[in-house]
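As structure tokens, the structure follows; a few thoughts come after it.
Atom set for the values below is all heavy atoms of this structure, side chains included, hydrogens, waters and symmetry mates excluded.
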Amino acid sequence: MPDYQTLIDAPTWAFIEKTNASYPENTATLSIAEQRAIYDRMCAAFDTPYPPGVTSHDQPIAGVPCRIYPGAQPTVLYLHGGGYVVGGLHSHDGICADIRGATGLTVVSADYRLSPEHKHPAAFDDACAVARALAAKGPLILVGDSAGGNLAAAACHALRRENLPIKGQVLIYPGLGGDVNTGSALTHAHAPMLTRDDILFYKDIRHSGPAPEGDPTVSPLRDDDFTGLPMTLAIAAECDPLADDAAAYAAKITAAGGRAQALVDEGLVHGHLRARHSDPRAAASFARITAAITAFAEGRWPY
């Protein structure tokens, strides 16, 4: 097992401890509604006021509840994390406001349907519907963290033949359907913030039974075609059982002739976006994310 006391620095440990303090010991036994409320409160504990000049309003797009942070074009479609079970417009409000503040671009956060009430492909369908509606009005960049990174990639795979103006995708510690029996999934099986057992739970909760194998709408890494995808940045946290997915995904796009890069944020953990105001390493990661979004908006590669 990795020596997390050495790999993870004091500011990141402070973030981990503050996160863990939000969760009662019996969280797993509580109802889904109670778990969602706990998650939202935890996320809110890390938020700061909107950057100057940033505003937001709620408005449905393609029938999906969304929060819009008006700015310049292209539009950034943000798909939140939370294991397809928790999270929504409030949990990632500060992150989206800060992306708008750092890039100046319009950001749209989609409140896609959650499991277990809404099985796959509900969340995927919502992501695609919002992406289509936004892309019909102008260029688009897809951004997502964790489960949202999966949805962003899956949407890009599904929509690439529709000639939509999708200029890039930024995937932040995404779970893309990599092998859970090798590599980082075992090395970091007991990492702080996310464990292999957590991944196995979230893997199947979207489905009425085991997750299907080889379905790119569920596991983009299992697709057999990686051509035609937009410029891609996939960012992994070093101390995360999902870490290998980012590199594997970028490598498949590159091998297919596309433009993709994977980065590993050393010493960081799953969910570190919430530490962007308190942890220098997380702040640097967030700066790389917003720099990539800006570059993709301008059509620049390498970013």
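Taken from OH in Tyr78 to CG in Leu151, the straight-line distance is 11.5 Å, to the nearest 0.5 Å. In this structure, the separation between CD1 on Ile95 and CZ on Phe46 is 10.5 Å, given to the nearest 0.5 Å. Annotation: the span from His92 atom NE2 to Leu273 atom CG amounts to 7.0 Å, rounded to 0.5 Å. Note that OG1 of Thr48 and NE2 of His277 are 3.0 Å apart. Values are rounded to the nearest 0.5 Å. Here OG1 of Thr232 is found 11.0 Å from CD of Gln261. Values are rounded to the nearest 0.5 Å.
A 4.5 Å side-chain heavy-atom check between Pro116 and Ile32 finds at least one atom pair inside the cut-off. Two residues are said to be in side-chain contact when any heavy atoms from C-beta on lie closer than 4.5 Å; Val108 and Thr75 meet this criterion. Residues Phe201 and Asp197 are not in side-chain contact: their nearest non-hydrogen atoms beyond the backbone lie 4.5 Å or more apart. Inter-residue side-chain proximity for Cys239 and Pro2 is flagged as unmet; no heavy-atom pair is nearer than 4.5 Å. Between Pro11 and Pro280 there is a side-chain heavy-atom pair separated by less than 4.5 Å. Put simply, the side chain of Arg160 reaches to within 4.5 Å of the side chain of Asp225, judged on heavy atoms. Annotation: side chain of Thr217 is not in contact with side chain of Pro121 (no heavy-atom distance under 4.5 Å). The side-chain heavy atoms of Cys96 and Ser109, taken from C-beta on, include a pair separated by under 4.5 Å.
Residues Arg67 and Asp93 share a closest heavy-atom pair of NH1-OD1, 3.3 Å. Counting all heavy atoms, side chain and backbone alike, Ala147 lies closest to Gly82 at CB-N, 4.3 Å. When all heavy atoms of Ala152 and Gly144 are compared, the closest pair comes out as CB-N, 4.4 Å. Taking every heavy atom of both residues into account, Leu114 and Gly87 meet most closely at CD1-O, 3.6 Å. Residues Leu79 and Ala110 approach most closely at CD2-CB, 3.9 Å, considering heavy atoms. Scanning both residues, Leu105 and Ala297, for their nearest heavy atoms gives CD1-CB, 3.8 Å.
Annotation: salt bridge (charged side-chain N to carboxylate O under 4.0 Å, His left out) contacts of Asp215 (sequence neighbours excluded): none. By the side-chain hydrogen bond (donor to acceptor under 3.5 Å, both in side chains) test, Asp245 is found to be paired with no residue, residues two or more places apart in sequence or in another chain being considered. Asp3 pairs by the side-chain contact (heavy atoms from CB on, under 4.5 Å) definition with Gln5, Thr6, not counting sequence neighbours. Looking at residues two or more places apart in sequence or on another chain, you find a ring pair (Phe, Tyr, Trp, His ring centres under 6.0 Å) between His157 and Phe226, Tyr249. Listed by chain and number, the residues in a side-chain contact (heavy atoms from CB on, under 4.5 Å) with Ala211 are Lys203, Asp204, His207 (sequence neighbours excluded). Residues forming a side-chain hydrogen bond (donor to acceptor under 3.5 Å, both in side chains) with Arg41 (at least two apart in sequence, or on another chain): none.
Checked against the 6.0 Å centroid threshold, Tyr84 and His120 do not count as a close aromatic pair. Taking the six-membered ring where the residue is Trp, the centroids of Tyr39 and Tyr23 are separated by 6.0 Å or more.
Neither Val170 nor Leu140 shares a network with the other; the hydrophobic side chains, linked directly or stepwise wherever heavy atoms of I, L, V, M, F, W or Y lie under 4.5 Å apart, form separate groups for each. Note on Val269: it does not cluster hydrophobically with Ile235, by side-chain heavy-atom contacts below 4.5 Å among ILVMFWY residues. Leu233 and Leu142 fall into different hydrophobic clusters, where Ile, Leu, Val, Met, Phe, Trp and Tyr residues are linked whenever their side-chain heavy atoms come under 4.5 Å apart, directly or through other members. When hydrophobic clusters are built by joining Ile, Leu, Val, Met, Phe, Trp and Tyr residues whose side-chain heavy atoms come closer than 4.5 Å, directly or via intermediates, Leu134 is not grouped with Val107. If you chain together hydrophobic residues whose side chains sit under 4.5 Å apart, Leu164 and Ile293 never meet in one group.
Remark: side-chain polar atoms of Gln73 are not paired, donor with acceptor, to backbone N or O of Thr106 under 3.5 angstrom. Counting only distance, with no hydrogens or angles, the side chain of Lys18 and the backbone of Trp13 share no donor-acceptor pair below 3.5 Å. A donor-acceptor pair is defined here as one N or O able to donate and one able to accept, closer than 3.5 Å; such a pair exists between the side chain of Thr290 and the backbone of Ala287. Remark: side-chain polar atoms of Glu17 are not paired, donor with acceptor, to backbone N or O of Ala14 under 3.5 angstrom. No donor-acceptor distance shorter than 3.5 angstrom exists from the side chain of Asn150 to the backbone of Pro174, with no hydrogens or angles considered.
For the residue pair Tyr50 and Ser56, a side-chain donor N or O sits within less than 3.5 Å of a side-chain acceptor on the partner. The closest side-chain donor-acceptor pair between Asp198 and Thr195 falls under 3.5 angstrom.
Relative orientation of the Tyr112 and His80 rings is parallel, given thresholds of 30° and 60° on the angle between their planes.
Applying the salt bridge (Lys or Arg N to Asp or Glu O under 4.0 Å) definition to pairs two or more places apart or across chains, those involving residues 252-281 are Asp9-Arg281, Asp47-Arg276, Asp98-Arg276, Asp265-Arg288. For residues 105-123, the pairs satisfying salt bridge (Lys or Arg N to Asp or Glu O under 4.0 Å) are Arg36-Glu117, Arg113-Asp126, with sequence neighbours left out. Residues in residues 183-196 take part in no salt bridge (Lys or Arg N to Asp or Glu O under 4.0 Å) pair, two or more places apart or across chains.
Comment: Asp179 does not engage Arg222 in a salt bridge, judged by the lack of any side-chain N to carboxylate O separation of less than 4.0 angstrom.
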Does the side-chain contact (heavy atoms from CB on, under 4.5 Å) test come out yes or no for Ser91 and Val86, once each step is laid out? CA-CA 9 Å; Ser91 65; Val86 299; over 6 Å; no
His272 and His270: CA distance, side-chain angles, deciding distance, side-chain contact (heavy atoms from CB on, under 4.5 Å) verdict: CA-CA 6 Å; His272 65 71; His270 197 84; over 6 Å; no
Show your working on side-chain contact (heavy atoms from CB on, under 4.5 Å) between Val143 and Gln169 and close with a plain yes or no. CA-CA 6 Å; Val143 181; Gln169 59 174 338; over 6 Å; no
Report the C-alpha separation of Thr27 and Ile38 in whole Å, then their side-chain angles, then the decisive distance to 0.1 Å, and conclude whether the side-chain contact (heavy atoms from CB on, under 4.5 Å) test is met. CA-CA 8 Å; Thr27 295; Ile38 290 169; 4.1 Å; yes
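With a 4.5 Å cut-off between side-chain heavy atoms of Ile, Leu, Val, Met, Phe, Trp and Tyr, the cluster of Leu242 takes in Val180, Leu194, Ile199, Leu200. The hydrophobic cluster analysis finds Leu89 isolated: no Ile, Leu, Val, Met, Phe, Trp or Tyr side chain comes under 4.5 Å of it, directly or through other members.
Seen from the ring of Tyr69, Arg100 does not count as a face-on cation partner, given the 6.0 Å and 45° thresholds.
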Going by atom type alone, with no hydrogens or angles, which donor-acceptor pairs under 3.5 Å involve a side-chain atom of residues 184-192 and a protein atom two or more places apart or on another chain?
from   : atom 1 : to     : atom 2 : distance (Å)
Ser184 : OG     : Pro241 : O      : 2.8
Ser184 : OG     : Ala243 : N      : 3.4
Ser184 : OG     : Asp244 : N      : 3.0
Ser184 : OG     : Asp244 : OD2    : 3.4
Thr187 : OG1    : Gly183 : O      : 3.2
His188 : ND1    : Tyr4   : OH     : 2.7
His188 : NE2    : Glu238 : O      : 3.1

